[in-house]
Trainee: 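Next up is a structure, given as structure tokens.
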Amino acid sequence: MVEIVFLMLVLKLPIVYLVAVVWWAVRAEPRPPEPAVLQVAPDAGPPGGPRPFRSRRPRRGGPHGGGRPARRESRVAVR
């Protein structure tokens, strides 16, 4: 009997918490909107101009072959 009463009281705590949070959210006043942030001019680029193009070596293949063609069986003439 004591366990049932204990569980009935303990299981009501999340419901009480939820009601309190909703009550607090309803009563809260909205914050005023923040002022606009100063925008950067669209023509301003990175200092020193654009980055130079760096040529890259071609990628190698995946882990199964490294981009090499597959080996083929040698052809043998049968007589």
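Predicted model, so just to flag it, every value in this text is computed and none were measured.
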Trainee: To the nearest 0.5 Å, what is the distance between CZ (Arg27) and CD (Glu29)?
Mentor: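 The distance works out to 9.5 Å.
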Trainee: My understanding is that a hydrophobic cluster links ILVMFWY residues whose side chain heavy atoms are under 4.5 Å apart, including indirect links. Using that, what else belongs to the cluster containing Val21?
Mentor: Tyr17
Trainee: By the rule that ILVMFWY residues connect when side-chain heavy atoms come within less than 4.5 angstrom, directly or transitively, which residues belong alongside Trp23?
Mentor: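 Taking Ile, Leu, Val, Met, Phe, Trp and Tyr as members, Trp23 stands alone, with no cluster partners.
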Trainee: My understanding is that only residues two or more places apart in sequence, or in another chain, count here; which of them pass side chain to side chain contact (heavy atoms under 4.5 Å, CB included) with Val10?
Mentor: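 Once residues adjacent in sequence are excluded, the partners of Val10 under the side chain to side chain contact (heavy atoms under 4.5 Å, CB included) criterion are Phe6.
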Trainee: Check the surroundings of atom CG in Leu7: do more than 12 heavy atoms from other residues, nucleotides or ligands lie under 6.0 Å from it?
Mentor: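 Yes, CG of Leu7 has more than 12 neighbouring heavy atoms, counting only those of other groups under 6.0 Å.
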